[in-house]
Structures are given as C-alpha cells and as structure tokens.
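Each chain gets a letter, A, B and so on, in the order the sequences are listed, and its residues count up from 1.
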Amino acid sequence: MRRLNRVFLYDDGAARALKIEEIAKYLRKKLIKVGVEVRGNPFAFYLLQDKVSDYARKIASIKIQDATKKWSSEQEPLYGEIEYGKKMILGKTRASGVLYDGLELQRLFFEVIPGRERSLQFVHIVFSNRLFATWDEHERRYHARVNLCGIPSIISTTGVVEAPAKPRGYYLLRQQYEMLGKDLLELKNSFKGAFIDYEDLRLTEVMKGYAMQSVFYSLVGDPFCQDKGCRLYNAHWQEELIFAQIESEYEFCQRHMSFLEELNEY
Amino acid sequence: MSTEKIEVKEDKTIKELVGEMSLSSAPILLELDGEIFYPDENYDRKIQAGNRLTVIPIIAGG
C-alpha cells in the first residue's frame with residue numbers, strides 16, 4: 001500500500017448540485033492524516049493567461065464527432081469551438097452536449113500539473129461536467145464513462161447521468177414516447193429516483209464514492225471492488241450505482257475498510 | 001490490471017520496452033526515478049539494465 005501525501009480537488013465546471021467542499025470534508029474524515037485541498041478550475045489554477053487560448057484550442061480538438069470513429073490528432077477545431085473552450089476555462093460557461101475523448105482530455109490535464117506533483121502520492125481529482133468516453137477496440141465505438149483513474153483522475157457529473165444504463169423499462173418507454181411525440185419529461189418523472197439525473201440532490205453523496213475510487217487507485221493501484229455494496233463497486237447500471245453509493249448498509253467492504261484503517265494508523 | 005513494478009534486464013528504449021510488454025496500445029503511464037510520463041511521448045528515451053519502472057494503467061469506470 002502506497003503512502004498518500006495530499007489530495008487535490010479541482011472543479012472543471014462541474015454540475016451546480018455538486019458541493020466540492022462537502023466532498024473535501026468527507027475525504028478529510030476518511031483520510032485522517034492526508035491533507036485535502038480544493039483548487040478550483042485546473043486550467044485556471046495552473047495556466048498563465050497567455051496559454052488559455054492554446055488549451056482552449058487543444059480541448060476543442062479532442063471533441064468526438066462520431067462515436068463510431070476513433071479520435072484523430074489531425075482534427076481541426078472551428079473558431080467558435082475554441083472560443084467556447086476559452087469561456088469554459090474561464091468559468092464563463094459550462095460544457096453541454098459535447099463528447100470528448102477521455103484519454104486525451106486526461107492528457108491535457110496531466111500536462112498542466114507541475115512535474116513535482118505528478119506522483120501517485122498526490123491524488124489529483126478533477127470534477128468536470130464534460131461528458132467523456134473511451135474507445136472500445138473490439139466494438140469499434142466509444143463508451144461514455146463516469147470516471148477515468150490516472151493522473152489526474154477525472155470524474156464526470158454528466159457521465160454519472162449518461163454512462164450507467166437506466167432501467168430497461170425506461171428505454172422501452174422512451175422509444176414509445178419518441179414515436180408518439182410525447183413529453184419525455186413526463187417519462188422521466190415516472191422514473192423519478194430510479195436514476196441519477198441532472199442537478200440531482202444525491203449527486204454529492206454519489207461523488208464521494210467516486211472520489212474514494214480515485215483515492216484507492218493511488219493507494220493500492222486498483223480503484224474497484226467486486227462487492228456490490230462497497231462504494232468502490234464499478235457500477236454499469238444506475239440501480240447498481242444508487243445501491244453502492246446510497247442504499248448499501250455499509251460504505252466499504254471489510255477488505256477496503258481495513259486498508260483505510262491501516263492508512264490512518266501511519 | 002493494476003500498477004506493476006518491473007526491473008529492466010538490458011538497455012533499451014521505452015518504445016522497445018512497451019513493445020515487448022505488448023503495451024503499445026494500452027492506456028498507461030510509466031514512472032521512473034519518481035518521474036511520471038506518457039510512454040508514447042518518450043519513445044526514444046533510453047532506459048538501462050537495473051532501472052526500476054512502474055507501469056501505471058489508466059482505468060475507466062462506469
């Protein structure tokens with residue numbers, strides 16, 4: 001088990017319902033001897049003003065235009081996309097309806113973290129409302145993700161709504177609603193609570209578990225657990241996610257609890 | 001896949017190492033002497049016998 005030096009939390013325009021200070025408070029309770037610091041937007045925190053345009057351009061160029069085509073570095077962003085990227089970095093707007101290549105997005109965040117802080121002893125966690133995906137070589141398509149553990153780990157407040165599958169009945173009814181031109185909001189309301197939605201009041205609670213996945217990634221090299229009741233469970237369904245993060249009678253399984261106890265004893 | 005420490009047996013480049021380990025298309029980071037880097041940005045970098053590297057996989061969830 002690795003020693004942890006510090007946890008840094010960043011806000012890349014994450015959902016308004018996300019209370020990052022509350023997550024910091026939670027992590028301080030769980031990791032008694034590890035400092036936790038909230039740093040704001042990662043690009044704004046590290047970048048000099050004259051680099052903002054460069055990064056806005058880089059971010060705009062990693063947008064996925066077709067989920068069945070792998071991202072290529074030759075992609076040229078449009079002027080409007082770069083301007084939009086600038087506004088996001090400066091906190092003047094929030095991402096919406098754009099899908100990014102997750103690995104490339106993570107690489108951009110990595111670039112701005114100073115070399116002295118690029119270490120698994122430092123846990124960098126970026127909360128973002130950007131929706132990102134990773135390419136599946138077998139299926140030849142992108143899959144939306146909730147989190148991507150690395151340096152830094154990125155957690156998407158949009159991904160938590162869009163990536164894990166909603167109840168099967170929801171998709172069946174949605175087809176019918178779309179065919180009949182009915183109001184989808186009505187459908188969403190009939191499934192209220194069955195999945196995490198935009199600006200969901202449960203978002204912060206859910207994200208505490210994803211933050212802990214990033215912590216365990218640095219601590220033991222594996223962010224996940226097979227136990228469906230443990231916050232480290234890698235949920236692929238909304239039902240599993242809600243159970244692991246909210247409804248389970250315990251937060252962590254015995255094994256992961258003992259890792260935390262050991263860490264806090266140092 | 002979780003982090004793995006390896007000891008380099010003979011002098012080679014990062015590109016040769018990731019090729020031998022069949023990691024050229026895997027999303028990973030490498031750590032050498034406390035420095036963490038992307039292998040594909042350091043393909044020509046030379047590593048020596050006895051160097052200890054940590055392979056850090058990037059792991060997606062959800």
Which portion of [X] sits near chain B, non-hydrogen atoms under 4.5 angstrom:
| X | result |
| --- | --- |
| A:Ile155 | neither |
| A:Phe224 | side chain |
| A:Ala165 | neither |
| A:Tyr217 | side chain |
| A:Leu241 | neither |
| A:Arg107 | both |
| A:Gln106 | both |

Can you list every salt bridge (charged side-chain N to carboxylate O under 4.0 Å, His left out) pair that touches residues 196-206 of chain A, not counting sequence neighbours?
A:Lys188-A:Asp197, A:Asp200-A:Arg202, A:Glu205-A:Lys208, A:Glu205-A:Arg231
Applying side-chain hydrogen bond (donor to acceptor under 3.5 Å, both in side chains) to A:Gln213 and not counting sequence neighbours gives A:Asn147
Out of A:Val220, A:Thr134, A:Leu103, which one racks up the most heavy-atom pairs below 4.5 Å with chain B?
A:Leu103
Checked A:Ser153, A:Pro223, A:Cys149 vs chain B; the most non-hydrogen pairs under 4.5 Å come from A:Cys149
Check the surroundings of atom [atom1] in [X]: do more than 12 heavy atoms from other residues, nucleotides or ligands lie under 6.0 Å from it?
| X | atom1 | result |
| --- | --- | --- |
| B:Glu7 | CD | yes |
| A:Glu247 | CD | yes |
| A:Glu240 | CD | yes |
| A:Arg39 | CZ | yes |

Which portion of B:Ile59 sits near chain A, non-hydrogen atoms under 4.5 angstrom
both
Between B:Ala60 and A:Leu148 the two heavy atoms that sit nearest each other are CB-CD1, 3.5 Å
Chain A contacts: which residues in residues 9-19 of chain B have a non-hydrogen atom closer than 4.5 Å to it?
none
Of all the residues in residues 40-47 of chain B, which have a heavy atom that comes within less than 4.5 Å of a heavy atom in chain A?
B:Asp40, B:Glu41
Backbone of B:Gly62 reached by a side-chain donor or acceptor of A:Arg145 within 3.5 Å
yes
Should A:Ile151 and B:Tyr38 count as side-chain neighbours, where that means a heavy-atom distance under 4.5 Å?
no
Sort out for me which of B:Thr3, B:Ile56, B:Ile36 touches chain A most, counting heavy-atom pairs under 4.5 Å.
B:Ile36
